[in-house]
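Owing to the predicted nature of the structure, the values given are computational and were not obtained by experimental measurement. As the structure lists them, so they are numbered: ligands from 1, and atoms in each ligand from 1. Computed from heavy atoms alone, side chains included, the values below leave out hydrogens, waters and symmetry copies. Heads up: numbering here begins at 1 and tracks the sequence.
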Amino acid sequence: MLVMKFGGTSVADAGRIAEVVRIVKRELEQDSKIAIVVSAMSGVTNTLLDCAQLAAAGRYTEAEASCKELLRRHRITVLELIKDAIRCEELLKAVEDIIDKGCVRLCYGIHILGEASPRALDAIASVGERLSARIVAAAMQEVGLDAEAVDATELIVTDDNFTDATVQMSQTIEKTRSRLLPMLEQGKIPVITGFIGATSEGITTTLGRGGSDYSGGIIGCCLKADAVWIWTDVDGVMTADPALVPNAKTLPEISYSEAAELSYYGAKVLHPKTILPLLTDSIPLTIKNSFRPDLPGTLITACPNYTGKDIKAITAIKNVSLVTISGRGMMGVPGIAAKTFSAVASQNVNVLMISQSSSENNICFVISSSEVERTCNALRRALEVEFHHKHVEEISVQNDIAIIAVVGERMKGTPGIAARIFGAVGRSGSNVIAIAQGSSEINISFVINKQDVPRTVAAIHDEFELGL
Ligand code: ASP
Ligand code: MG
């Protein structure tokens, strides 16, 4: 049993969907049970969310025009793909209906209210996947495959944290198995909407942007799949961003932890939560390029084969800021770190990296630049007493920085890796502002000036001969 998830660029138009059908047909020769998960056609989720924002801002006519454009794009795709007259007519009606109810009328409601609630945003964002799942299923039927579109609102149960809902796995497993297993037994191919779920009351939610990968992992877990494949538009996980390092290579195999670390630290191939549901049963995950389906891609498992390299990949995260809380009186005063990070958490801000030296004169951490202002305001409020007593003297922010994360499972217990990394960084002429290493020892991350990113990444890549 195989679960294959196709991303937005893999279903972007009629030609791409025809390729999806070819890929599925070919895999059916190896495995008779396949479930498909699809993203919205590329760009559609953005357009839908823009429509909602336009409507909320009183620009309903523009929102309506955008909905019409979406309808046109999906209609063209249907007309190009579906030659069977009845199937084509039925599908066009379904597409019009989904866009009319889920998009045009909803935008009107948002326009009247003058506000797009998170719940309304999820309702509108779900339209893209509901359309693509139906179109892909119909395209498969065209070539005689017994495919059926399934809305994940029937399968994936979440809480009501709209726009970033949390999945309730036990209920999801039960619902998914009872809905999909009989279909698979009968030789049907379910084509499931990625990205969306529903509360136990049946209200549509989404799993966060880019969440279709995660849907693929969830469905794979529920069905106890032998493998999950994520089809995207790159050859797999790379040793570094090829825009920074021309000789960056696709990694044939990495471990779950390396994949988690890399996706968390900005390698955009995979949604960070994707592998979570796959861990319990060690279901292997492969990332493949639907534009070059014959390439092997990157295989992600618990124990990948040793490649002879101690580190696997280097990523850089930009658009982040370093916040430093300092004061000579901080030394030995308990509770400042606790207050600091409670204040950060109260703003729902994610901390990417923390570092404190043992002299305890400062604590620094990295967060997304867009969240700096409100975080610093919250910190000033939370540390008012410490400022008064001069335990804390300053909260400073550095904006033009980046985090470099060097990832590799083999770093664990191998001495000398950090020396080689920082030797290479030093020789490249970059200054290191802060360093952190988690005790899992599979990632060393450090902060440098943004303009030093290309040469730093290239220097580490060369030092460990990752391009060879
Ligand atoms: N369509 C959704 C998005 O653009 C989910 C996905 O493609 O993974 O965020
Ligand atoms: Mg994606």
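Checking only distances, Lys5 never comes within under 3.5 Å of ligand 1, N or O to N or O.
Annotation: side-chain hydrogen bond (donor to acceptor under 3.5 Å, both in side chains) contacts involving residues 53-63, sequence neighbours excluded, comprise Arg59-Glu62.
Residue contacts with ligand 1 include Glu129, since one of its heavy atoms falls under 4.0 Å from the ligand. Taking 4.0 Å as the cut-off, Gly210 counts as a neighbour of ligand 1 on heavy-atom distance. Look at Gly211 and you'll find a heavy atom under 4.0 Å from some atom of ligand 1.
For ligand 1, the atoms sitting less than 4.0 Å from at least one non-hydrogen atom of Arg209 are 3 (C), 4 (O), 9 (O), numbered in the order shown with element in parentheses. Taking every heavy atom of Ser39 and a limit of under 4.0 angstrom, the matching atoms of ligand 1 come to 6 (C), 7 (O), 8 (O).
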What pairs of donor and acceptor atoms, side-chain ones from residues 17-27 against any protein atom, are under 3.5 angstrom apart with sequence neighbours left out?
unit_1: Glu19; atom_1: OE1; unit_2: Arg22; atom_2: NE; d: 3.1
unit_1: Glu19; atom_1: OE1; unit_2: Arg22; atom_2: NH2; d: 2.9
unit_1: Arg26; atom_1: NH1; unit_2: Asp294; atom_2: OD1; d: 2.9

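Here the straight-line distance linking atom OG of Ser10 with atom CZ of Arg16 works out to 5.5 Å at 0.5 Å rounding.
With hydrogens and angles ignored, the 3.5 Å screen pairs no side-chain donor or acceptor of Thr274 with any backbone N or O of Leu270. Distance alone, capped at 3.5 Å, places no donor-acceptor pair between the Glu129 side chain and the Ser39 backbone.
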